[in-house]
Amino acid sequence: MSNEKPNYFDLVYQVVREIPKGRVTSYGTIANYLGLKSGARMVGYAMNAAHTMSDVPAQRVVNRQGLLTGKAHFETPTKMQELLEADGVKVENDRVLDFEKVFWDPEKELDL
DNA sequence: TCCATGACCGCAA
DNA sequence: CTTGCGGCCATGG
């Protein structure tokens, strides 16, 4: 029988893990890359579960505006910003600076 | 088993 | 220009 259980969570983790250091992406971008046009919500939900994973840099995943919407879900509300700055991404007022420059598009950069 | 919510995004009025 | 609503999958009570 086809046990094809497409765990979208796992798919999201895989993409997030491929995010290069110093780069960030958005939920919708990942969702779109996986084929979930409007499944951005589930991507964010997957990040919530990603807390149990250590290989999933959820701090590199922000919303479409570059706002650290999920910073409140980290160990500390400032942990996300700290991690991003540690990666070389500058954050100001819970927002990623030069978001367009650090933006990472899997379809363009990972698509080989 | 059913209902409601969630780290979102896109479109319409 | 701003505001409001629907849609996607999964989890919890």
Between C1' of dC11(B) and CZ of R64(A), the distance in whole Å: 15 Å
Donor-acceptor contact below 3.5 Å, side chain T25(A) vs main chain W104(A): yes
Contact pattern, 5' to 3', of nucleotides 6-13 of chain C - B, S or - by protein heavy atom under 4.0 Å: -BBSSS--
Sugar-phosphate, base or nothing in reach of A50(A), heavy atoms under 4.0 Å: nothing
H73(A) (side chain) donor-acceptor with H51(A) (main chain) under 3.5 angstrom: no
4.5 Å side-chain heavy-atom contact, I30(A) and P106(A): no
Minimal non-hydrogen separation, V102(A) against L97(A), with atom names: CG2-O, 4.3 Å
Atom-to-atom span, NZ of K37(A) to P of dC11(B) - whole angstrom: 10 Å
Check: Q59(A) and V89(A) side chains under 4.5 Å, non-hydrogen atoms: no
Whole angstrom value for the distance that separates P of dA7(B) from CG of L83(A): 19 Å
Whole angstrom value for the distance that separates P of dA7(B) from NE2 of H73(A): 4 Å
Backbone N/O of G28(A) and side chain of R64(A): donor-acceptor pair under 3.5 Å: no
Between dG6(B) (P) and N48(A) (CG): distance, integer Å: 11 Å
